[in-house]
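Shown next, in structure tokens, is the structure this report addresses.
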Number of protein chains: 2
Amino acid sequence: MTEQTFRIAPATVSEGDAAGTGKCGRCAYRALCLPSGLSDRDLSLVEGAIGCRRRLARGDALFRAGQPFANLFAIRFGHVMTCRSDQRGERYITGFQMAGDLLGMDAIGNGEHASTAIALEDSEVCEMPYARLQRLMAEMPQLMEHFHRTMSQEILRDQSAIRFLGILRADERMAGLMLNLSARYAMRGFSPRRFRLRMSRDDMGRYLGLKMETVSRLLAQFRDLGLIRLDRRELEILDMRGLEALAAGARTEATS
Amino acid sequence: MTEQTFRIAPATVSEGDAAGTGKCGRCAYRALCLPSGLSDRDLSLVEGAIGCRRRLARGDALFRAGQPFANLFAIRFGHVMTCRSDQRGERYITGFQMAGDLLGMDAIGNGEHASTAIALEDSEVCEMPYARLQRLMAEMPQLMEHFHRTMSQEILRDQSAIRFLGILRADERMAGLMLNLSARYAMRGFSPRRFRLRMSRDDMGRYLGLKMETVSRLLAQFRDLGLIRLDRRELEILDMRGLEALAAGARTEATS
DNA sequence: CGGCTTATTGAGTGCGTTCAACCGGTGTGG
DNA sequence: CCACACCGGTTGAACGCACTCAATAAGCCG
């Protein structure tokens, strides 16, 4: 999850915009869901295939592991996380999603959702019936190609997570997460230096393969090193270079 | 990578069979690459889209990270592993592939291969030009659907790896790998109890997020517990239940 | 044979965990 | 209104798992 190379126009949009308009053609995150250079006719075809929008309150489940798969979802605004539990009931988090991100692709393979998607705050999603999407893709090769790319990028993201967990130290993982979120906010036109952590320390830990206590200690350490300022969940990155150096493997003497 | 739920007919094939025939219709691993219930006409269309076959000697690279993406590959026989390196040059292995497995899907997103595929022994693959495949999918919804499922399963596999690395102890990961290989050989009609480990201890370590020394110690421990018999790379599983118990979290007193 | 790669085993260290106490904000009921 | 509990988070002390460093062994190939 280190890099996320969606090429979205660096729009400076407020959260309200994306939700309000109702048509894909005007959606700020169109570049994520749809291929570029779609004709007006194709665009309206796609709009016709999109189902209803769904609002989620904080804590609501968009779908749960084991439920039959029918729809893909695109986040219009808000934040969602996807998590899974193994046999023992041990929970782990496979990703944090924000506006423009797609959800549900891991369910196509077996026809049922493998993970549970929980809203981290009040959010809204586009519901896209997969069957309809499929029919559309057969007619619109561009759309099919775009969809394949999106799935492939999901694979890349998961493989990056494997690197995270497999070979990085705890502080490198933590720095990597901060930078990942920062970059994704930047791509969406928000500040890469100041943002709110929507997830709990425990959620971060379950994502990074660390215990909550370790997450807390690392954040305190980053604060003491002057890398970040942190008030509850409000984060400000003070030394981006320093964080990058840390994520790249520099030891504690990393002030760049 | 715990579960791998390809539903392949439990054919009892020798390795020679798959390679010899030359037509998809007769390939023992057809159920992996192609949707079931394809008409003869569709089948020959698919066969026409498949490019040449390529032989790999042990150690050869099928493709390397950074190379432009053009083809997907299906393994006809042999074993391949996919690995990546991060900025520092730290290598990690994202998967071990065997006959019937598909390679290259992580390259669709960015148009270039993200990982390097190395043959672990002399192998042969089908080269499938992605562009042709795409055109075919537009005409054959079944094929498209099958392809989506395959990609989705790759996502599931990677997410299982995240669990592996994120929340499992070293011995649980090791046991999980043994069982994963075992199950995959069983699906292909080979013995689930006796098989050859095609990869080095170091490769296993880079896959499991462990050091080679740890892998070696764990294998010795499994041997001493009577779970396996091991002669160089020849593995025999003596106590499947015990291994499963270990993978499920039982502590050392796991003899089931 | 010597030189190489791959694997095994030992001893000691350190990172992240575990267990536990404590803190601060928020909500709730008396 | 305060007392209380509760949840999320912080911090401390000690433990243990997997790593590091290092020596040795076992195949393999020239």
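Throughout, protein chains are lettered first and strands after them, A, B, ... in sequence-line order, and every chain is numbered starting at 1. Computed over heavy atoms, backbone and side chain alike; hydrogens, waters and symmetry mates excluded. Quick caveat: nothing in here was measured; it's all calculated off a predicted structure.
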Atom-to-atom span, CZ of Arg173(B) to P of dC17(D) - whole angstrom
14 Å
Whole Å only: how far is the CE atom of Met199(B) from the C1' atom of dA7(C)?
16 Å
Please classify the nucleic acid contact of Arg233(A) as base, sugar-phosphate, or nothing, using heavy-atom distances under 4.0 Å.
sugar-phosphate
Do Ser123(A) and Glu121(A) come within less than 4.5 Å of each other through their side chains, counting heavy atoms only?
yes
For His79(A) and Tyr185(A): C-alpha separation, side-chain torsions, deciding distance, then whether ring pair (Phe, Tyr, Trp, His ring centres under 6.0 Å) applies.
CA-CA 12 Å; His79(A) 285 74; Tyr185(A) 285 124; 5.8 Å; yes
Looking at every strand, decide which applies to Arg223(A) at a 4.0 Å heavy-atom threshold: base, sugar-phosphate, or nothing.
sugar-phosphate
Quickly work out the Met212(B) CE to dT5(C) C1' distance and round it to whole Å.
10 Å
Indicate every side-chain donor-acceptor pair of residues 222-233 of chain A with a distance under 3.5 Å to a residue at least two apart or in another chain.
residue, atom, partner, partner atom, Å
Arg229(A), NE, Glu236(A), OE1, 3.3
Arg229(A), NH2, Glu236(A), OE1, 3.0
Arg233(A), NH1, Arg198(A), O, 3.3

From the options dT9(C), dT17(C), dT11(D), select the nucleotide whose nearest atom is closest to the side chain of Ala220(A).
dT11(D)
Measure centre to centre between the rings of Tyr207(A) and Phe96(A), then say whether the value is under 6.0 Å.
yes
Length of the line joining Leu218(B):CG and dT8(C):C1', which is rounded to integer Å:
13 Å
Classify the ring geometry of Phe73(A) against Phe63(A): parallel below 30°, tilted from 30° to 60°, perpendicular beyond 60°.
parallel
Just by distance, no angles: are the side chains of Asp158(A) and Thr94(A) close enough, under 3.5 Å, to form a donor-acceptor pair?
no
For nucleotides 21-30 of chain D, give me every protein contact, N/O to N/O, under 3.5 Å, one pair per line with atom names.
residue, atom, partner, partner atom, Å
dC21(D), N4, Glu213(B), OE2, 3.3

Which part of the nucleic acid does Thr214(A) contact within heavy-atom distance under 4.0 Å: base, sugar-phosphate only, or nothing?
base
Could you check whether Gly205(B) gets within reach of a base, just the sugar-phosphate, or nothing at all, counting any heavy atom under 4.0 Å?
nothing
Which residues share a salt bridge (Lys or Arg N to Asp or Glu O under 4.0 Å) with Glu213(B), sequence neighbours left out
none
Integer-rounded Å distance: dT10(D) P and Leu197(A) CG:
10 Å
May I have the distance from Glu234(B) (atom CD) to dA7(C) (atom P), rounded to whole angstrom?
13 Å
Check whether any side-chain N or O of Arg169(A) sits under 4.0 Å from OP1 or OP2 of dA18(D), and answer yes or no.
no
Side chain of Ala170(B) only, heavy atoms from C-beta on: which candidate in dA18(D), dT8(C), dT9(C) is closest?
dA18(D)
Between P on dT18(C) and CG on Asp202(A), what's the gap in Å once rounded to a whole number?
12 Å
The side chain of Leu210(B) lies closest to which of these nucleotides: dT6(C), dA18(D), dT11(D)?
dA18(D)
Quick one: Lys211(A) NZ to dG16(D) P, roughly how many Å, whole number?
17 Å
